[in-house]
Every structure is written in structure tokens, then in C-alpha cells.
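Below: the structure, in C-alpha cells.
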Amino acid sequence: MSAAAPAPAPAPGPGTWRPARRPGPSTGLVLGVVAIVVLALLSFLVILFLGGAIGSPLLVAVSGVMALVPLGFVIWAVLAIDRWEPEPRVAMWFSALWGGIAAVLLTLGTNGLVLEPLVVPFLPSQEAYELYATVVQAPVVEELWKGVPVLIMYLWFRRTFDGPVDGIVFAALSAAGFAFTENILYFGSSLAQTGDGAFIFFLRGIMSPLTHALFTAVGVGLALGLAARARSRAWALVAFPAGWLVSALLHALWNSAGFWVPGGEFGYFTYYLVVQVPLCALAAALVWLLLRQEVRITRARLHDYGRAGWFTHEEVERLSSGDGRAALMDWARRRRLGATMRDYIHTATRLANHRQRALIGRHAARDVADEAGLLSLLLQQRRELAASSAGPPLPVLQGAPVAAHGPQRVQRFGDLDGPRLTGRQQPPIGETRGPVPW
């Protein structure tokens, strides 16, 4: 089956519908769980490091609570970005834990065991070392290790990596985990040295909670996300170094402010308003544009399936707009079908992304099986919605998306309250091969 046309919807006819067999755990899920367990065990090394650096387990605990504030804000922002096509939770947990545990340990090892023994002896003064460590070493090393989970997703879990938004999500989560651990160190050190962590908490937790996420997402995340739209994995050889360079430069720009911005604290806050706030606004605008592009791709690819008979025009419009999805979820919640409808919307989105990957030539050998599995799941969820809202299921052809012909045998989920999105009369299921079930 080529990517030129989706699988045709089966013709209606007699038969008995049977639900699709539920698949077992995927290889990616198993590997993700194993990786999370390993990272959880390694977290004890991070705790030991923090305890040694801060000197008090109580201050480590207090600083951890303080660091939850910026972490919570970043997680909220990432989940808002990820709403259209949610990534697997295991992949998201892996990215965040990698940043907070593995990236921290690898950064410490790279700095202490490799770079400092090689570079520090050649630095002429303490001032030169501080400049090197802050503006060169920290940005280059930290952005390298924070970007690794994005590279892992790009190379080995391409079914969950469809484009720039996915890259931004994984990169931001990794950076959020790294910033969480780093904030514990900064907050705890300030509390241990001065007894007051309010100012450093304001700087890092309130004024700039997104800085780490911004650096890694706009660089490595965006670069590998754009490369994911290409056919070959070899694009990582270009995308990862280029994204790493952008992330390191953005990080260095932020870290260097204390060395070249005049005016003390007033100058620093001026620099923040003039440089960093516009950069953050540009990044937000970029994310918004990328999300709009995802919506357009979903609509275009679902219309492909609509022309093949799987959806009506109205159903595609509902599934490919925020207002339409909200209306569907409102209809489903009133019937206690919210979870099923949410899964149905996610399956339709995955189907659209599958077709987009097929059109650019990715996973050609798995196209037929992937498409068949998603369509089977889609029909099963559609049937569950119909059965729950309109009584027992009617006998139909196995896997068929429509009920038997005849107005006396029409089965529908029910109509949404309020005006229709397209203004057209909705056909009942059974009068079209691609039913609108609401």
C-alpha cells in the first residue's frame, strides 16, 4: 500500500464486529521503563553530591521544595504545548529524569575529569578561569548532555518523534530536570552561606524559570525536530551539532551578562528586559506557529482519509480544531465517555501523523501494519462510543466503520448541542461510509 492513498474504508455489509486485539507492551515502553529505573537508582549519586556541596540534608530538602516552583511552571508550559498530540508519558519522564540526573552527573564528570585538567593549567588568572567556566565550559557541556534524550528519541523512537514540537517538548523537559537539580544547588548554597535564599530564588525561580528550557528547546530540540521531517536519520549528523551550537550560544549570552553588562543589578535587570524578554517572546511566537502547523497537517491528512471514506468533512473539522475537540469532549463528558473520546481524538491525530511520515518516506516497510493497527483502534473506539451512548452495537462487517444500511437501522452517538461547526446537515451513520459519530 503506497503513501499516495490511504487505505479505503471497507464497504458496509453483514457480519459481526469484534474488537481489535490489545497489543502487548512495545519495545520502546519496556526500554523506557528500564531506563527510568536506572536513572532513579542513579539519583542517589546526585543526592550525595548535593548533600556534600550544600553541607546540610535539611537545606537540601528545603531547596528541593523551593526548586519545585520553577519546575512546576516549566512542566505546565510543556504540557500546554504538548496538548495537541501528547507524547508517551514514559518518554516524557525519561527526558525529565535524564536532565535532572544523568545530564548532571555527565556534566560533573566531563568538567572535573576532562576539561578542567586539560584547560585550567593554561588559564592565566582566577578571573580568566571564571570567564571560561561560566561563558564557555558550562554552556557547551551542559547543552550537550541536556540534548542527548532528544537525540535518543530522534534516532531510536521515531514513531513518537514527528516534528519540531516534539523536539521542543523533549528538550524542554530535559532542561527542566537539569534546572531543577541546579536550582537546588544554588538555593541551598545561598541558604548555607548567607541564611537567605530570597534573592537567588527571585532571580532563578521567578524571573527566569524558562531559561534552561529555552536554550535547549530552541537549539537542539528545534533542530532535531526539523530534521525529523526529513526521510533519513543521517540528518542528525548536521542537525544535532547545529542545534547544540545554537543552544550553547544562547546559554553563553545569558551567562556572560555579568561580565559585560554595566550598572550592577540595575544594568542586569535592564539587560534582562531588553534582551532576554524579547528572546522569550520570539520563542513563544515560534512555538505558536509550529503548533498551528501541526493543526494544518492534522487537518490535511485526515481529509485524505475522509476522501477515502473513513471520515466525513464535518468530523475532520471537529477533530482538527481546538474548538471542535472541545465540543467533542464536552459532548462525551456529559455521557461519561471523556476518556474514550480523548483516546479517539489522540488516535485520529496519530493516524494523521502516520500518514505524514509515510508521505515523506519514513518507515516505509511498516506503513501497512501501522496504518491497519491505527484504523482498527480508531474503529474500536468509535464503536465503544456508539455502544455506550446508543445501546448495544449493531451487527456490521468486521472492522467496518459504518452500520448496516437502512434508516430503520441507523445508529448514532447523538448530536452535539449548539450550532454545528460547518453549518451543514450532519448525515446519520449508515448513510455515509465515514460516519460522524456525534
Side-chain angles (χ1 to χ4, degrees), residues 9 12 17-20 22 75-76 78-89 291-292 294-295 298-299 301-303 305-306 309-353 374-396 399-438:
W17 176 85
R18 292 187 294 272
R22 293 187 179 274
I75 296 298
W76 170 81
V78 170
L79 292 178
I81 294 171
D82 194 47
R83 286 183 62 186
W84 187 257
E85 187 215 355
E87 304 306 318
R89 288 295 180 257
L291 288 172
R292 298 306 302 166
E294 278 205 341
V295 172
T298 300
R299 179 177 287 112
R301 300 290 76 85
L302 289 183
H303 272 305
Y305 283 96
W310 290 98
F311 302 102
T312 65
H313 177 83
E314 182 175 3
E315 189 173 14
V316 171
E317 291 302 310
R318 292 195 190 279
L319 290 169
S320 57
S321 72
D323 290 342
R325 289 185 174 192
L328 292 177
M329 289 301 301
D330 181 64
W331 174 89
R333 289 190 185 102
R334 292 199 303 271
R335 293 158 177 82
R336 299 182 180 179
L337 298 170
T340 305
M341 178 62 77
R342 183 173 58 251
D343 292 342
Y344 180 76
I345 292 171
H346 292 171
T347 301
T349 309
R350 289 172 57 201
L351 183 66
N353 286 327
L374 287 171
L375 289 172
S376 176
L377 181 60
L378 188 85
L379 296 181
Q380 178 179 336
Q381 292 162 346
R382 189 196 303 259
R383 189 61 179 241
E384 289 174 0
L385 289 167
S388 298
S389 62
L394 296 177
V396 294
V402 292
H405 282 302
Q408 72 279 11
R409 304 182 67 184
V410 167
Q411 177 179 345
R412 8 182 1 164
F413 290 6
D415 293 325
L416 288 170
D417 297 332
R420 301 184 185 280
L421 297 180
T422 62
R424 301 188 299 111
Q425 181 64 34
Q426 175 181 329
I429 294 177
E431 294 180 8
T432 174
R433 295 177 62 190
V436 179
W438 26 80

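Quick note: residue numbers are just sequence positions, from 1. Hydrogens, waters and symmetry mates are skipped; everything else that's a heavy atom, side chains included, is used.
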Do [X] and [Y] touch side chain to side chain, with heavy atoms closer than 4.5 Å?
{"X": "E85", "Y": "T298", "answer": "no"}
{"X": "I345", "Y": "M329", "answer": "yes"}
{"X": "E384", "Y": "M341", "answer": "no"}

Note to self: Testing the basics here: between L374 and T347, what is the closest heavy-atom pair and its distance to 0.1 Å?
What the structure shows: O-CG2, 3.7 Å
Notebook entry, point to check: Looking at R299 and V316, what are the two nearest heavy atoms and their distance?
Noted result: O-CG1, 3.8 Å
Mind checking the [atom1]-[atom2] spacing from [X] to [Y]? Nearest 0.5 Å is all I need.
{"X": "E315", "Y": "R318", "atom1": "CD", "atom2": "CZ", "answer": "9.5 Å"}
{"X": "D343", "Y": "L337", "atom1": "CG", "atom2": "CG", "answer": "11.5 Å"}
{"X": "S320", "Y": "R301", "atom1": "OG", "atom2": "CZ", "answer": "11.5 Å"}
{"X": "L79", "Y": "E87", "atom1": "CG", "atom2": "CD", "answer": "11.0 Å"}
{"X": "N353", "Y": "E294", "atom1": "CG", "atom2": "CD", "answer": "6.5 Å"}
{"X": "R333", "Y": "R342", "atom1": "CZ", "atom2": "CZ", "answer": "7.5 Å"}

Notebook entry, point to check: Side chain of R325, backbone of W84: donor and acceptor closer than 3.5 Å?
Noted result: yes
Item checked: Sidechain-backbone polar pair: R335 side chain, W331 backbone, donor-acceptor under 3.5 Å -> yes
Notebook entry, point to check: Is it the case that R382 places NZ or CZ above or below the six-membered ring of W310, under 6.0 angstrom from the centre and within 45 degrees of the axis?
Noted result: no
Margin query: Among residues at least two apart in sequence or on other chains, which ones pass side chain to side chain donor-acceptor pair (under 3.5 Å) with T340?
Written below: none
Check: Could you walk me through whether L319 and L328 pass the side chain to side chain contact (heavy atoms under 4.5 Å, CB included) check?
Finding: CA-CA 8 Å; L319 290 169; L328 292 177; 3.9 Å; yes
Notebook entry, point to check: Is there a side chain to side chain contact (heavy atoms under 4.5 Å, CB included) between L378 and F311 once you walk through the steps?
Noted result: CA-CA 11 Å; L378 188 85; F311 302 102; 3.5 Å; yes
